[in-house]
Amino acid sequence: MNSLIKENLTNLQQLWQLYGAKEIVHNEGTRFFGTEHWPYRHWFQSTETPIVSIPDKYIGLLNSRFDNAILSTWHTLKASEHFIGTTKKLLDAGWQHSFSQTGMYLPIDNKRTTVDSTITLKEVSNHTDINIWCNIGSQAFNYSIESHVIKSLLDKKNITLYLMSISGKAIGAAMLLHSENCSGVHQVGVLPNHQGKGYAKAIMLALIEECRILGVQHLVLQASKVGLPLYKKLGFIEQFTVNNFVNEPTFI
């Protein structure tokens with residue numbers, strides 16, 4: 001597996017584990033992880049291949065999980081046949097493809113990034129800020145972020161939560177998770193009545209500059225369909241696809 005792809009996926013899985021994901025099964029080189037609360041993510045890891053190919057014996061285990069479970073798989077363009085096989089197994093078992101994301105990375109150089117002077121990026125430092133952060137994210141993404149999950153991150157030295165403000169009012173939120181060889185940007189969201197005004201770009205430019213100052217070499221993320229055009233314009237390079245399945249229709 002390409003090392004940058006591995007670093008991106010590792011950063012993502014570390015985030016889910018910090019959110020509370022636990023190992024459910026470890027058998028014959030295959031590990032299965034999941035969370036029983038938001039964000040409800042489940043995934044397989046294999047010691048033999050980076051591509052998730054779900055063993056038949058685990059389909060029953062998947063179906064025993066609660067209704068809100070989201071199963072995430074990933075593949076590169078060169079391994080689309082694995083995605084096709086995995087998708088067929090899941091569809092046959094009653095799961096549905098819900099949404100896709102694109103894994104991307106950005107090399108951070110020494111050139112200073114121009115940051116919008118009309119915004120303020122503040123680090124979250126207390127529970128009041130976290131409640132505001134969760135409220136912005138919940139409205140931006142149209143799903144409920146459970147504040148107790150985010151509050152558990154407050155003392156983690158490798159995670160920084162940010163609030164973006166204009167004229168003293170918080171309208172945006174984001175997170176950086178620092179791994180060994182990269183940093184991941186997650187949960188970039190702007191309040192609905194402020195979307196479409198360039199504030200997501202302003203947050204990203206501020207985060208890129210923050211990473212440059214910290215000496216980060218690569219910034220990684222998983223882009224939604226809506227966010228993909230912005231990240232391409234910022235210079236992010238596509239790496240792989242994350243496909244997310246649900247065992248009943250849901251909005252996420």
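Values reported hereafter were calculated over all heavy atoms of this structure, with side chains retained and with hydrogens, waters and symmetry mates removed. If you're wondering where the values come from, they're calculated on a predicted model, not measured in any experiment.
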Could you check whether the rings of H148 and H37 sit parallel, tilted or perpendicular, using 30° and 60° as the cut-offs? perpendicular
Going from CD on E36 to CD1 on I24, what distance comes out if it is rounded to the nearest 0.5 angstrom? 7.0 Å
CD1-CG distance between I132 and L161, expressed to the nearest 0.5 angstrom: 12.5 Å
For K111 and R212, the nearest pair of non-hydrogen atoms, with its separation, is O-CD, 3.2 Å
Heavy-atom check, side chain of I145 versus side chain of W38, under 4.5 Å: yes
Taking all non-hydrogen atoms of both residues, which atom of A200 and which atom of V190 are closest, and how far apart? N-CG2, 3.9 Å
Could you grab the distance from atom CG of L230 to atom CG of L228, nearest 0.5 Å is fine? 9.5 Å
Flag, side chain of T102 to backbone of E238, donor-acceptor distance under 3.5 Å: no
For S72 and R41, test the side chains for any donor-to-acceptor distance below 3.5 angstrom and give the result as yes or no. yes
Is S98 reaching over with its side chain to a backbone N or O of V246, donor-acceptor style, under 3.5 angstrom? no
In terms of heavy-atom contacts, does CD of Q13 have more than 12 from other residues, nucleotides or ligands at under 6.0 Å? yes
Check whether D129 reaches the backbone of L163 with its side chain - one donor and one acceptor, N or O, closer than 3.5 Å. no
If we ignore angles and hydrogens, is there a donor and acceptor under 3.5 Å between the side chains of T241 and H75? no
Validation row: N244, V242 side chains within 4.5 angstrom (heavy atoms): yes
Under 3.5 Å: donor-acceptor pair, side chain of T35, backbone of Y40: yes
Less than 4.5 Å apart, any side-chain heavy atom of Y231 and any of K201? no
Atom CG of L71 and atom NE2 of H97: how far apart are they, to the nearest 0.5 Å? 10.5 Å
Heavy-atom pair with the smallest gap, counting every atom of E209 and T113: OE1-N, 2.8 Å
Heavy atoms from other residues, nucleotides or ligands near NZ of K156 exceed 12 (cutoff 6.0 Å): no
Assess the side chains of N243 and S100: does a donor N or O sit below 3.5 Å from an acceptor N or O? yes
Is the shortest side-chain heavy-atom distance between M164 and I171 below 4.5 Å? yes
Test side-chain contact (heavy atoms from CB on, under 4.5 Å) applied to M175 and V188, step by step: CA-CA 7 Å; M175 172 195 299; V188 177; over 6 Å; no
Decide yes or no for F32 and H42: does some side-chain heavy atom of the first lie under 4.5 Å from some side-chain heavy atom of the second? yes
Cluster question for you: counting only ILVMFWY and a side-chain heavy-atom cut-off of under 4.5 Å, with indirect links fine, are W16 and Y143 together? yes
Let's go through L177 and N158 carefully: what are the C-alpha distance in whole Å and the side-chain angles of both, what is the deciding distance for side-chain contact (heavy atoms from CB on, under 4.5 Å) to 0.1 Å, and is it a yes or a no? CA-CA 6 Å; L177 170 59; N158 61 334; 3.4 Å; yes
Within this structure, what is the CD1-SG distance for the pair I150 and C134, rounded to the nearest 0.5 Å? 5.0 Å
Flag for S179-N11: side-chain donor and acceptor within less than 3.5 Å: yes
CA sep, side-chain torsions, deciding dist, call: W133, Y162, ring-ring contact (aromatic ring centres under 6.0 Å, His included): CA-CA 8 Å; W133 191 96; Y162 296 93; over 10 Å; no
Run the numbers on V220 and E7 for side-chain contact (heavy atoms from CB on, under 4.5 Å), then give the verdict. CA-CA 8 Å; V220 300; E7 289 172 13; 5.6 Å; no
Where L106 and L234 come nearest, the two heavy atoms and their spacing: CD1-O, 3.7 Å
Is there a side-chain contact (heavy atoms from CB on, under 4.5 Å) between W74 and L9 once you walk through the steps? CA-CA 9 Å; W74 34 81; L9 286 170; 3.7 Å; yes
Does I5 reach the side chain of Y105, with side-chain heavy atoms less than 4.5 Å apart? no
Specify the closest pair of heavy atoms between E210 and L176, including all atoms of both residues, with the distance to one decimal. CG-CD1, 4.3 Å
Can you name the closest pair of heavy atoms from N131 and S147 and give their distance? OD1-CB, 3.9 Å
Can you tell me how far the CG atom of N126 sits from the NZ atom of K151, to the nearest 0.5 Å? 10.0 Å
Can you check whether H218 reaches I108 side chain to side chain, under 4.5 Å on heavy atoms? no
Can you find a pair of side-chain heavy atoms, one from K232 and one from M104, that are under 4.5 Å apart? yes
Does a donor on one side chain and an acceptor on the other come within less than 3.5 Å for N8 and Q239? yes
Would you find a donor on one side and an acceptor on the other, under 3.5 Å apart, between the side chain of S224 and the backbone of G227? yes
Tell me whether L121 is reachable from I213 by hopping between hydrophobic residues (I, L, V, M, F, W, Y) whose side-chain heavy atoms are closer than 4.5 Å. no
Mind checking whether F33 and W43 have parallel, tilted or perpendicular rings, split at 30° and 60°? parallel
